[in-house]
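Read through the structure below, which is laid out as C-alpha cells, and then see the notes.
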Amino acid sequence: MLRFSEEIMLLLLDDGDGTFVDLPVQSLEFALAGSVLMDLAMEGRIDTDPERLFVVDRTPIEDELLEPTFRRITSSMVTYTTRDWIQQITPSAGEIRERSLTRLVERGILREEQGRFLWVFHTRRYPVIDNQTLREVKLRIMEVLFTDQIPDVRDIVLIALADVCGIFSSLLSSRELKQVTPRIRQISKLDLIAREVASAVREIESSLAFAMVPIH
C-alpha cells in the first residue's frame with residue numbers, strides 16, 4: 001500500500017511527460033507534512049483533537065517516511081496542536097518528497113531521468129513505468145468525486161490533502177471543479193484527523209497571508 005505522500009506525488013504527476021504540475025511550494029510542503037501525520041494516525045500511532053495531537057501507541061514504526069516524524073513526536077516533552085506539528089514538520093517536507101519519489105522508483109512505478117534545462121539548470125523527470133498504479137490512484141479519487149460512492153477512510157484523507165494544497169485545480173477544468181467542490185467539502189469533513197489537518201493548514205496559510213499584508 002502506498003503512503004499518502006507517495007499518492008500525492010502521483011496525483012501531481014503529468015503521466016504524459018513525467019513532470020509535475022506547478023503548485024505553490026508552501027502548499028505542497030504543508031500537504032506533505034500533513035500526509036505523514038495522516039499515515040501515523042492510520043497506523044494507530046497518534047490521534048488528535050482541536051486542542052492537541054497525542055500518541056496512542058509508542059511501538060516503533062519501521063518506515064523511513066514516517067519514522068523520523070514519529071520519533072520526534074514521541075520524544076517531545078511538550079504537547080502540541082496539529083497546527084504546531086505541521087509547522088514543525090514542514091521544514092522536512094523536501095526530505096519527505098525525495099523519499100516518496102525514491103520509493104516510487106524502487107517499486108518500479110516511476111523511472112528517474114536526469115537532464116538539463118537550457119544546458120544549465122539540472123532537471124529531473126519521472127516517466128511512468130507502472131501506469132496501472134498511477135491511473136488507479138487518479139481514477140479512484142475521480143470516481144469518488146463524480147459519483148455517490150461512499151469513500152473509504154484512505155480516500156477521505158487523500159481528498160482532504162489534495163484539496164488543501166490545491167491539486168484539484170490542476171487536475172480538473174474550472175467547470176468540473178465547480179461541480180465537485182461541494183462534494184470535496186463534504187468528504188473532507190468525514191474523518192476527524194483529516195478535518196483537523198486541513199483546518200490547521202488553512203489556519204497557517206491565513207496567518208502567513210495576513211502577516212504579508214503591508215501596514216499603512
Side-chain angles (χ1 to χ4, degrees), residues 1-13 20-21 23-56 61 63-74 76 79-101 103-104 137 140-141 144-145 151-171 184-209:
M1 183 180 294
L2 298 179
R3 293 300 187 187
F4 289 122
S5 59
E6 295 173 281
E7 291 193 309
I8 286 174
M9 298 315 300
L10 289 180
L11 285 176
L12 287 171
L13 186 69
F20 295 97
V21 300
L23 278 182
V25 173
Q26 199 169 63
S27 296
L28 178 57
E29 288 177 343
F30 289 149
L32 291 175
S35 73
V36 175
L37 296 181
M38 298 284 206
D39 267 315
L40 288 173
M42 292 289 289
E43 291 289 337
R45 297 303 201 278
I46 64 171
D47 205 343
T48 186
D49 59 35
E51 286 76 39
R52 62 191 179 121
L53 183 148
F54 51 94
V55 178
V56 294
I61 188 162
D63 187 302
E64 71 276 12
L65 264 175
L66 310 183
E67 192 274 335
T69 297
F70 187 53
R71 184 175 65 246
R72 188 172 180 177
I73 293 173
T74 55
S76 175
T79 299
Y80 293 106
T81 64
T82 303
R83 170 178 172 165
D84 292 332
W85 276 118
I86 289 176
Q87 288 180 303
Q88 291 191 46
I89 299 167
T90 295
S92 301
E95 297 172 21
I96 296 170
R97 177 182 182 275
E98 291 304 309
R99 287 194 186 106
S100 300
L101 290 173
R103 285 160 61 118
L104 290 170
V137 172
R140 193 181 86 226
I141 297 306
V144 171
L145 294 184
D152 64 21
V153 176
R154 290 197 61 85
D155 292 340
I156 294 170
V157 170
L158 187 56
I159 287 170
L161 286 170
D163 179 45
V164 81
C165 69
I167 289 179
F168 290 125
S169 61
S170 299
L171 292 180
I184 292 171
R185 297 289 181 264
Q186 177 192 45
I187 291 172
S188 297
K189 296 177 181 178
L190 295 178
D191 181 75
L192 177 60
I193 192 165
R195 190 165 69 241
E196 287 299 321
V197 169
S199 176
V201 170
R202 290 193 175 94
E203 285 179 12
I204 296 168
E205 290 182 327
S206 295
S207 297
L208 292 173

*Any chance you could lay out the side chain to side chain contact (heavy atoms under 4.5 Å, CB included) test for M1 and M42, step after step, and finish with the verdict?*
CA-CA 12 Å; M1 183 180 294; M42 292 289 289; over 6 Å; no
*asked:* Applying side chain to side chain contact (heavy atoms under 4.5 Å, CB included) to I141 and L171, what does each step give before you reach the verdict?
replied: CA-CA 11 Å; I141 297 306; L171 292 180; over 6 Å; no
_Test side chain to side chain contact (heavy atoms under 4.5 Å, CB included) applied to T82 and D49, step by step_ = CA-CA 8 Å; T82 303; D49 59 35; over 6 Å; no
*Determine, step by step, whether T48 and L37 satisfy the side chain to side chain contact (heavy atoms under 4.5 Å, CB included) criterion, reporting the C-alpha distance in whole Å, the side-chain angles of both residues, the deciding distance to 0.1 Å, and the verdict.*
CA-CA 10 Å; T48 186; L37 296 181; over 6 Å; no
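A salt bridge links E7 to R140: one of the charged nitrogens lies within less than 4.0 Å of a carboxylate oxygen.
Rounded to the nearest 0.5 angstrom, D152 CG and L190 CG are separated by 11.5 Å. Atom OG1 in T69 sits 4.5 Å away from atom CD1 in I89 (nearest 0.5 Å). Atom CD1 of residue I61 and atom OG1 of residue T74 lie 11.0 Å apart, to the nearest 0.5 angstrom. Here the straight-line distance linking atom CG of L145 with atom CD1 of I187 works out to 5.5 Å at 0.5 Å rounding. The CD atom of E29 lies 10.0 Å from the OG atom of S92; values are rounded to the nearest 0.5 Å. The structure places CG of L40 at 5.0 Å from CG of L66, a figure rounded to the nearest 0.5 Å.
Pairing each heavy atom of I8 with each of S35, the nearest pair is CD1-CB, 4.0 Å. The minimum heavy-atom distance linking C165 with L28 is given by the pair CB-N, 4.3 Å. Nearest heavy atoms, L32 versus A93: CD1-O, 3.7 Å. Across all their heavy atoms, L65 and I96 have their closest contact at CD2-O, 3.6 Å. The nearest pair of heavy atoms linking T79 to L53 is CG2-O, 4.0 Å.
Here the side chain of R3 pairs no donor or acceptor atom with the backbone of D63 at under 3.5 angstrom. A donor-acceptor distance shorter than 3.5 angstrom exists from the side chain of D39 to the backbone of F4, with no hydrogens or angles considered.
Using a 4.5 Å heavy-atom threshold, the side chains of R185 and D163 count as touching. A heavy-atom distance below 4.5 Å is found between the side chains of I73 and W85. At least one side-chain heavy atom of F30 sits less than 4.5 Å from a side-chain heavy atom of I86. Between L2 and L104 there is a side-chain heavy-atom pair separated by less than 4.5 Å. Two residues are said to be in side-chain contact when any heavy atoms from C-beta on lie closer than 4.5 Å; F168 and I159 meet this criterion. Contact check for Q88 versus S76: no side-chain heavy atoms found under the 4.5 Å cut-off. Looking only at side-chain heavy atoms (C-beta outward), V36 and S5 stay at 4.5 Å or farther from each other.
In terms of the side chain to side chain donor-acceptor pair (under 3.5 Å) criterion, residue partners of T81 (sequence neighbours excluded) are, by chain and number, D84.
If you run salt bridge (Lys or Arg N to Asp or Glu O under 4.0 Å) between E6 and each of R97, R103, R99, only R103 comes through.
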